[in-house]
Asks: 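Mind having a look at this structure? Questions to follow.
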Amino acid sequence: MPDTPETPQSIRTRDHGDGIRELRLARPPANALDPTLIAALLAEIRSAPADGARALVLSGAPGMFSAGLDVPFLLTLDGERLRAVWHDFFGLLEALARSPLPIAAAVTGHSPAGGAVLAIFCDWRVMAAGEFKIGLNEVRVGIPLPTAIHGALARVVGDRQAERLGVAGLMVGPEEALAVGLVDELAPPEGVVPRAIEWCRTLLALPRGPMLETRATARRALGALFDDALEAEIERFAGAWFEEETQGALRAMVERVTGRKV
């Protein structure tokens with residue numbers, strides 16, 4: 001089954017039969033989440049049920065799932081435009097949390113910060129074995145972990161591991177990610193997407209009504225993370241972004257990774 005042509009939004013979709021649709025991030029080199037990619041992914045998730053999809057697989061490029069938010073671009077934005085990006089990003093997370101379709105994350109490689117955030121809002125995660133890292137390293141680059149994201153992390157790994165991983169901004173390898181429950185399974189890099197498809201197919205073979213009703217019950221608290229005080233959370237997060245300490249840490253990180261000042 002061929003991929004659809006790449007769109008300006010940098011999402012490739014592929015239907016694998018049985019109603020399983022793959023949404024592959026395709027914004028080289030690192031699948032960094034800029035406003036266009038965030039909006040495109042949100043649109044695909046929202047439209048999938050009406051388009052006949054029964055389950056989704058969220059994947060990335062070999063060796064790189066997503067490097068997270070496009071920090072060099074975000075550093076160029078003023079407060080109003082930055083708040084608009086946070087609204088869209090939290091809207092994407094809420095869409096993942098409340099999606100009526102099961103979603104498997106095929107973590108095809110490195111997955112720091114926003115990449116790991118996307119994964120923890122999915123139903124199930126399979127990660128590529130190898131020299132890859134995953135984690136919510138926001139604190140290390142000067143950003144406090146938002147309440148809703150910490151809540152999703154705690155739901156996946158438990159309160160103690162969420163504290164350990166989040167407060168220190170730890171990046172861990174696949175084996176430790178599996179041991180603490182950050183991912184559910186490991187696979188060879190070439191087998192990550194096929195394993196995610198297989199997981200979806202197994203779930204879809206169950207009686208659909210009872211499966212979906214039980215899934216909705218199990219994920220209700222995840223969606224509820226977006227019920228209260230989200231505007232205040234976005235305002236707090238956007239305000240923290242412009243603090244001197246945060247700006248310094250972010251700019252140092254970009255210079256370290258790209259070799260250029262911003």
Asks: Taking all atoms of both residues into account, what is the closest heavy-atom pair of V156 and G181, and its distance?
Replies: CG1-O, 3.1 Å

Asks: For E176, what residues pass the salt bridge (Lys or Arg N to Asp or Glu O under 4.0 Å) criterion, not counting sequence neighbours?
Replies: R164

Asks: In sequence, state the C-alpha distance, the side-chain angles, and the governing distance for L42 and D88, and then conclude on side-chain contact (heavy atoms from CB on, under 4.5 Å).
Replies: CA-CA 8 Å; L42 175 57; D88 288 347; 5.6 Å; no

Asks: So does R81 get a backbone contact from the side chain of D78, meaning a donor-acceptor N/O pair under 3.5 Å?
Replies: yes

Asks: Determine, for R27 against D34, whether the closest basic-nitrogen to carboxylate-oxygen distance falls under 4.0 angstrom.
Replies: yes

Asks: Considering only heavy atoms from C-beta outward, does the side chain of E94 approach that of F121 to under 4.5 Å?
Replies: no

Asks: Flag the pair D123 and R155 as a salt bridge only when some basic side-chain nitrogen lies within less than 4.0 angstrom of an acidic carboxylate oxygen.
Replies: no

Asks: Looking at side-chain heavy atoms only, is the closest gap between K133 and V172 below 4.5 Å?
Replies: no

Asks: Is the backbone of L23 close enough, under 3.5 Å, to the side chain of T13 for a donor and an acceptor to pair up by distance?
Replies: no

Asks: Between the side chains of R83 and E80, is the shortest nitrogen-to-carboxylate-oxygen separation below 4.0 Å, so that they form an ion pair?
Replies: no

Asks: Check whether T76 reaches the backbone of F73 with its side chain - one donor and one acceptor, N or O, closer than 3.5 Å.
Replies: yes

Asks: Parallel under 30°, tilted from 30 to 60°, perpendicular over 60°: which one fits the rings of W86 and W241?
Replies: perpendicular

Asks: Salt-bridged, R201 to E198, with N to O below 4.0 Å?
Replies: no

